[in-house]
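Contents: one structure, followed by commentary.
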Amino acid sequence: MDIALIGRILPVFVQAAWTTVELSLLSLGLGLAVGALVAGLRLSHAAVLRFVGGAYVSVFRGTPALLQIFLIYFGGPQVGIQLEPFAAGAIALGLNIAAYMAESIRGGVLSVDRGQMEAARSLGFGEGQSMRWLVLPQAARLMIRPLGVNAVALVKGTALVATISVVELTYTAQRFIGSTYKPFEIFAVTAVLYMIMVYGLTLVIDRLDRAYAEEA
Amino acid sequence: MQGLDFSIVPEYWPLIGKGLWWTVVISAASAVLSIVAGIGFALVVLYAPPVLRYPVRLFMWLFMGTPLLLQLFLIYFGLVQVGIDIPAVWSGIIGLSLHFSVYNADIFRAGIAALDGGQTEAARSLGFGAWQTRVYIVVPQALRNTVPAIGNMMIALLKESSIVSMIGIAELVHSAQLVISETYRPFEFYLTAAALYYILNLVLEAVLRGIERKVELSR
């Protein structure tokens with residue numbers, strides 16, 4: 001182990017890890033927003049909307065995230081959408097994880113007992129009101145863990161945008177493996193930074209889950 | 001804006017088809033290896049002495065916390081610098097297998113742990129040795145119970161096999177890239193590749209449903 005090398009490269013890698021964090025947060029936000037929308041479509045009463053939501057989930061979960069990134073970044077200009085690598089990467093990752101988020105949100109809503117909705121309706125609440133004030137708060141608790149699993153997968157998935165030259169952690173690691181000929185030192189530094197993010201996020205999710213469980 | 005033209009896709013079918021074939025071969029090989037290694041790691045984590053158990057746990061922890069792409073870079077670009085030269089195809093298969101073996105091992109471990117302790121006691125009282133009990137009684141039942149979870153992993157593996165294109169293996173994505181470098185039509189060919197993955201995925205899901213039904217019947 002070349003400790004001096006690790007000390008020298010660390011600042012560059014911390015900077016790159018920060019880009020990974022930014023990417024993760026942006027695509028997480030987009031993924032949750034689009035995911036909630038798609039879950040809403042899948043739970044709708046209108047068959048057309050259900051079909052659209054189902055198709056979204058099926059297409060984005062049925063094809064590789066790498067190709068979704070390539071289609072948006074390299075294919076986009078052909079249909080008039082020209083994006084910087086970072087933006088293209090964040091949007092592609094967000095749209096991809098949205099399909100998984102949608103299924104977790106839908107799963108949460110469906111696991112709330114039907115009687116809850118029926119009870120609220122019979123007390124005179126409208127359907128939207130019952131959903132907003134009764135079903136969703138209960139569903140939220142059930143969703144934390146599955147949504148968290150998706151978020152962790154997303155953090156690791158951000159590595160894929162290295163392929164479109166976004167200077168995040170994996171891209172930086174690849175460049176330094178090529179220039180220093182010290183693959184294990186580079187892997188060690190990169191792995192530690194990823195694991196701080198991944199296992200840190202896991203801890204946050206555990207906390208949230210436990211806080212909700214105590215409240216209930 | 002160039003506009004889209006899918007009429008040129010069939011002309012390049014031979015190359016794309018070859019990539020498709022390699023995607024199937026690499027995914028299938030990695031699926032089998034990742035399941036075999038997963039069972040091995042699970043047994044080590046549960047039953048092996050600490051000197052073996054802790055290194056395997058450390059390895060699992062490392063590989064679960066880092067992205068597949070980074071692991072592939074380490075295996076393909078990294079190991080060669082310390083004198084270990086593994087050809088690209090094998091680097092890809094080894095990387096995919098190791099990456100998924102870790103998740104499979106976790107599933108198997110949980111599956112074995114969830115089995116009723118009575119199974120082990122019954123087998124032992126019938127005269128089975130400790131390892132006989134594990135191999136003939138515990139593992140087969142755990143395997144059966146974990147079929148759906150392992151199936152989901154294999155669906156992920158098929159899609160993530162696309163990542164080995166980044167170390168130059170001529171599978172589906174890489175073939176698409178070759179064609180694109182000639183035709184300058186990324187949208188058409190990446191979409192074609194995506195459609196082929198979608199079809200492969202449907203086939204795999206159908207196969208897995210078949211296996212699940214068989215396993216259900218054997219209960």
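Just the heavy atoms: all of them, side chains too, but no hydrogens, waters or symmetry mates, feed the values below. Here is how names work: the chains are called A, B, and so on, in the same order as the sequence lines, proteins then strands, and each is numbered from 1.
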Heavy-atom contact with chain A under 4.5 Å, split by part of B/S161
neither
Would you mind telling me which of B/F189, B/F77, B/F187, B/Y197 has the largest number of heavy-atom pairs within less than 4.5 Å of chain A?
B/F187
Less than 4.5 Å to any heavy atom of chain A: does that hold for the side chain of B/Q177, its backbone, both, or neither?
side chain
Between B/I155, B/I199, B/N201, which has the largest tally of heavy atom pairs under 4.5 Å with chain A?
B/N201
At under 4.5 Å between heavy atoms, what parts of residues 51-74 of chain A are in contact with chain B? List them by residue number.
A/S58, A/V59, A/R61, A/G62, A/T63, A/P64, A/L66, A/L67, A/F70, A/L71, A/F74
Of the listed residues (B/M64, B/E160, B/E205), which shares the most heavy-atom pairs with chain A below a 4.5 Å separation?
B/M64
Looking at A/E84, I want to see if its CD is surrounded by more than 12 non-hydrogen atoms of other residues, nucleotides or ligands under 6.0 Å.
no
Would you please go through residues 158-194 of chain A and name the residues with a non-hydrogen atom below 4.5 Å from one of chain B, in numerical order?
A/A159, A/L160, A/A162, A/T163, A/T170, A/A173, A/Q174, A/I177, A/G178, A/Y181, A/K182, A/P183, A/F184, A/F187, A/T190, A/A191, A/Y194
Out of B/L204, B/L202, B/L191, which one racks up the most heavy-atom pairs below 4.5 Å with chain A?
B/L191
Residues that B/K159 engages under salt bridge (charged side-chain N to carboxylate O under 4.0 Å, His left out), provided they are two or more places apart
none
Distance, nearest 0.5 Å, that separates CG of B/L68 from NZ of A/K156:
10.5 Å
Would you say A/Q82 has more than 12 foreign heavy atoms packed within less than 6.0 Å of its CD?
no
Look at atom CZ of A/R50 and say whether more than 12 heavy atoms of other residues, nucleotides or ligands are closer to it than 6.0 Å.
yes
Side-chain contact test, heavy atoms from C-beta onward, threshold under 4.5 Å: evaluate it for B/Y184 versus A/Q78 and give yes or no.
no
Around B/E212, counting heavy atoms of other residues, nucleotides and ligands shown, do more than 12 lie under 6.0 Å from its CD?
yes
Taking only residues two or more places apart in sequence, or in another chain, which ones meet A/D209 in a salt bridge (charged side-chain N to carboxylate O under 4.0 Å, His left out)?
A/R145
